[in-house]
Amino acid sequence: MNRLMNRDRDALRSKMFSRRLALLAGGKLALFGVLVGRMYYLQVVEADKYRTMADDNRINLRLLAPPRGRILDRNGEVLADNQLNYRVVVVAEQTGSVPATLDALAEIVSITDNERRRILREVARKRRFLPVTVKDNLSWDDVSRIAVNAPDLPGVSIDVGSTRLYPHGEAMAHVLGYVAPPAESDLTGDPLLELPDFRIGRNGVERVYDLAMRGRAGNSQIEVNALGRPIRELARNEGEPGQDLTLTIDAALQAFAAKRLAKEESAACVLMDCTNGDVLVLASHPSYDPHEFARGISGPAWRALLNNAKAPLTNKAVSGQYSPGSTYKMVVALAALEAGISPDMRVFCPGHMELGDNKFHCWKRGGHGAVDMIDGIMQSCDVYFYEIGRRLGPDRMADMAKRFGLGQTLALDLPGERGGIIPTRAWKQARTGKGWATGESLVASIGQGYVLTTPLQLATMTARMVNGGYAVVPHLTRDHIHGRRIAERTASAFPPVGVSQAHLAIMLRAMRGVVNDPRGTAFRQRIVDGIWTYGGKTGTSQVRRITEEERRVGLRKPDQVPWRERDHALFVGYAPVDAPRYALAVIVEHGGGGSSVAAPIAREVLAETMRLERERGRAPAPPARLAERGG
């Protein structure tokens with residue numbers, strides 16, 4: 001009985017063991033199946049994903065800044081280029097401590113407190129794997145010392161990039177502008193903007209055509225080990241270089257004009273082709289070194305530029321606004337002719353005109369006697385134009401001035417252009433709430449009072465006046481930025497200003513007399529060689545009112561007057577007189593008389609222009625309509 005019970009118990013125990021064994025074996029088999037399935041999923045289904053992750057750990061993808069497009073002058077001379085730049089950079093995530101690394105690096109190369117603050121600020125705002133420039137433009141000695149000490153400088157490396165080179169320096173600064181590192185406000189999420197040597201256009205044509213000259217970024221695939229140390233370059237895509245830009249500027253003439261203006265305290269000069277609007281010279285003095293900005297200008301240097309009374313950062317050629325003085329008289333004369341006033345009408349000039357209780361003086365104390373329109377322009381008689389201004393009023397003068405490009409921006413491809421002011425009755429009412437006074441017409445007729453223009457506008461005015469009355473528009477680029485050639489432009493391709501050819505001929509005759517007639521205000525500045533005879537108009541613009549007491553005791557000489565109180569000297573001109581091709585405007589801030597200060601500059605620039613054109617075999621031929629008119 002007991003034996004039977006034991007046998008049944010053993011059979012039951014054996015059955016239970018077999019069941020548990022089966023369950024255990026089934027469980028193991030299920031787990032193994034899950035493991036096999038997971039392995040299949042990871043190694044087959046997700047293979048591409050994990051291969052990419054492995055490659056990401058093994059391969060570093062680095063952006064490569066594209067070469068910035070060059071800037072060339074009209075003859076192909078390089079005005080802005082790129083040159084190699086050796087710099088030291090630091091990658092925050094590869095350092096134990098950025099401040100400690102900078103301390104160690106400062107024992108090898110100089111790092112100022114300002115540079116240190118700038119580095120730490122950039123490290124804080126950039127992604128930690130991006131390099132931050134510590135110092136650039138390193139010498140070979142600096143590079144060697146850093147390379148020798150590389151094991152003690154985690155995260156520090158030498159990088160080779162490019163920096164912007166401006167061969168003409170200050171002479172071209174206001175035209176080209178400069179490049180500088182992007183500010184925080186410029187960052188748009190584009191990683192290209194965060195590269196250590198990447199620069200964007202900050203002024204001049206560098207700014208206007210910045211996007212096209214940037215190009216497209218390339219990349220480099222670098223294989224690294226487990227510690228992140230580069231092993232080899234696997235692939236490289238150089239990207240797309242920025243577009244080159246060709247300007248209308250003539251580098252030789254620009255350099256000549258800049259050198260001549262440098263003899264003055266503050267001045268500007270614009271020279272343009274009056275047949276198509278090409279700007280050959282756009283110079284402003286004083287200027288600045290664009291390399292300082294490209295390399296990162298220091299605080300003291302920046303403050304020195306800002307606080308300079310002569311405003312070297314201002315492009316006076318397009319942003320300086322000045323009363324045009326007597327250079328405005330041709331516009332007033334054309335308005336008079338259009339209103340039916342005869343050019344033969346004579347006005348007697350005793351040296352002043354009385355209007356009510358006010359006395360308006362001519363620049364010539366004893367007066368000019370009886371003068372007609374041509375005499376009034378040649379001798380720059382103020383009393384003649386007081387009478388014209390009294391008859392015309394402000395609106396007729398303003399209408400003519402605007403046809404010739406005054407009082408409005410001309411959309412030149414430069415930032416900062418200002419529009420000036422050509423006053424009308426409505427303008428004064430809106431601005432001051434007061435009506436127009438007759439005396440203000442007298443003042444406006446000689447380019448004073450509210451009238452403000454820029455040198456660029458005065459050059460454009462002159463170009464439109466001597467090219468047959470076509471509204472040429474000044475421009476700085478010869479080609480479209482994408483390389484497509486702009487068709488050659490001629491004056492007749494522009495709309496007419498709507499002025500009689502006979503009236504324009506009178507202006508050319510008068511302007512020719514200003515320089516070449518013994519009675520002209522610029523006769524001493526004539527070019528004796530008849531081939532290159534030029535014409536023009538002098539201007540002297542007061543910056544303060546001269547009192548009756550000063551007139552009674554006698555005016556002080558310019559060198560006895562504080563610089564800020566001296567008159568502006570102006571001149572507008574054209575050449576050659578028989579076949580006008582070049583129009584020019586010169587202003588010397590607080591320079592004194594237009595005939596003695598501005599006219600000599602104009603004479604030298606025009607003479608050099610025509611000399612170079614003859615030397616290059618491009619002496620201008622008279623356009624048919626001008627040759628027929630005979631100047």
Side-chain angles (χ1 to χ4, degrees), residues 64-86 136-137 160-180 197-216 218 238-259 261-262 269-273 278-285 287-295 315 317 412-415 475-486 605 608-609 612-613 615-618:
L64 300 175
R68 189 172 179 84
R70 300 177 304 161
I71 303 176
L72 312 173
D73 89 329
R74 65 190 296 113
N75 300 308
E77 183 172 342
V78 177
L79 306 179
D81 205 349
N82 307 302
Q83 69 177 5
L84 290 179
N85 169 30
Y86 294 92
D136 58 9
N137 299 300
V160 181
S162 67
T163 189
R164 202 64 160 162
L165 177 67
Y166 299 101
H168 291 269
E170 294 186 3
M172 289 285 182
H174 287 109
V175 175
L176 303 180
Y178 55 86
V179 294
D197 67 335
F198 196 74
R199 299 290 186 268
I200 63 175
R202 284 295 190 195
N203 207 350
V205 294
E206 290 274 29
R207 174 180 169 184
V208 173
Y209 296 105
D210 177 58
L211 289 178
M213 286 196 290
R214 285 185 192 180
R216 296 181 180 274
E238 295 293 348
E240 183 179 327
Q243 295 287 330
D244 286 349
L245 177 65
T246 301
L247 302 184
T248 60
I249 292 290
D250 186 310
L253 283 175
Q254 178 81 7
F256 180 89
K259 184 177 180 180
L261 294 184
C269 175
V270 178
L271 174 73
M272 59 187 287
D273 187 324
D278 283 0
V279 176
L280 282 73
V281 171
L282 194 129
S284 179
H285 173 78
S287 187
Y288 59 87
D289 183 0
H291 295 110
E292 288 193 83
F293 292 89
R295 294 166 182 166
N315 185 352
L412 187 71
D413 24 12
L414 277 182
H475 57 272
L476 274 174
T477 52
R478 296 200 74 179
D479 304 323
H480 282 301
I481 190 64
H482 298 297
R484 184 167 61 85
R485 182 78 176 173
I486 294 177
V605 172
E608 179 67 7
T609 301
L612 281 176
E613 289 300 273
E615 186 178 280
R616 294 165 177 167
R618 297 201 298 255

Might you work through the side chain to side chain contact (heavy atoms under 4.5 Å, CB included) test for Asn75 and Arg616, ending with a clear yes or no?
CA-CA 11 Å; Asn75 300 308; Arg616 294 165 177 167; 3.7 Å; yes
Residues Ala258 and Ala171: closest non-hydrogen pair is CB-CB, 3.8 Å
Please check: side-chain N/O of Asn82 versus main-chain N/O of Ser162, any donor-acceptor pairing under 3.5 Å?
no
Specify the closest pair of heavy atoms between Ser287 and Ser284, including all atoms of both residues, with the distance to one decimal.
CB-O, 3.9 Å
For side chain to side chain contact (heavy atoms under 4.5 Å, CB included), just list the numbers for Val281 and Asp250, CA-CA rounded to whole Å, side-chain angles, deciding distance to a tenth of an Å, and then say yes or no.
CA-CA 7 Å; Val281 171; Asp250 186 310; 5.7 Å; no
Not counting sequence neighbours, which residues clear salt bridge (Lys or Arg N to Asp or Glu O under 4.0 Å) with Glu170? List them please.
none
Pair Arg214-Phe198, side chain to side chain contact (heavy atoms under 4.5 Å, CB included): steps then yes or no
CA-CA 9 Å; Arg214 285 185 192 180; Phe198 196 74; 3.8 Å; yes
Heavy-atom closest pair, residues Ala252 and Leu612:
CB-CD1, 4.0 Å
Candidate list Val205, Val279, Leu176, test side-chain contact (heavy atoms from CB on, under 4.5 Å), partner Leu414, passing option:
Val205
Shortest non-hydrogen pair, Gln254 vs Ala283, comes out as NE2-CA, 3.7 Å
Holding to side chain to side chain contact (heavy atoms under 4.5 Å, CB included), I want the full list of residues that pass it with Leu72, two or more places apart in sequence or in another chain.
Arg70, Val78, Thr246
Would you find a donor on one side and an acceptor on the other, under 3.5 Å apart, between the side chain of His291 and the backbone of Tyr166?
yes
Please determine if Arg74 and Asp273 form a salt bridge, counting it only when a charged side-chain N lies under 4.0 Å from a carboxylate O.
no
Within this structure, what is the CG-CG distance for the pair Leu253 and Leu271, rounded to the nearest 0.5 Å?
6.5 Å
Output the distance between atom CD (Glu613) and atom CD (Glu608), rounded to the nearest 0.5 Å.
10.5 Å
Of the non-hydrogen atoms in Ala173 and Pro290, which two are nearest, and what is the gap between them?
CB-CD, 4.0 Å
Interatomic spacing from CZ in Arg68 to CG in Leu165 - rounded to 0.5 Å:
14.0 Å
Working to the nearest 0.5 angstrom, can you tell me the gap between Asp278 CG and His475 NE2?
3.5 Å
Looking at Glu206 and Arg164, is there a salt bridge between them, counting it only when a charged N and a carboxylate O are closer than 4.0 Å?
yes
Applying side chain to side chain contact (heavy atoms under 4.5 Å, CB included), can you list everything that pairs with Pro415, at least two apart in sequence or on another chain?
Asn203, Arg207, Val208
Do the rings of Tyr288 and His174 sit parallel, tilted or perpendicular, given the 30° and 60° boundaries?
perpendicular
Minimum-distance pair of heavy atoms, taken over all atoms of Ala251 and Asp73
N-OD2, 3.0 Å
Output for pair (Leu476 CG, Asp413 CG), nearest 0.5 Å, gives 5.0 Å
Side chain to side chain contact (heavy atoms under 4.5 Å, CB included) between Thr248 and Met272, worked out:
CA-CA 9 Å; Thr248 60; Met272 59 187 287; over 6 Å; no
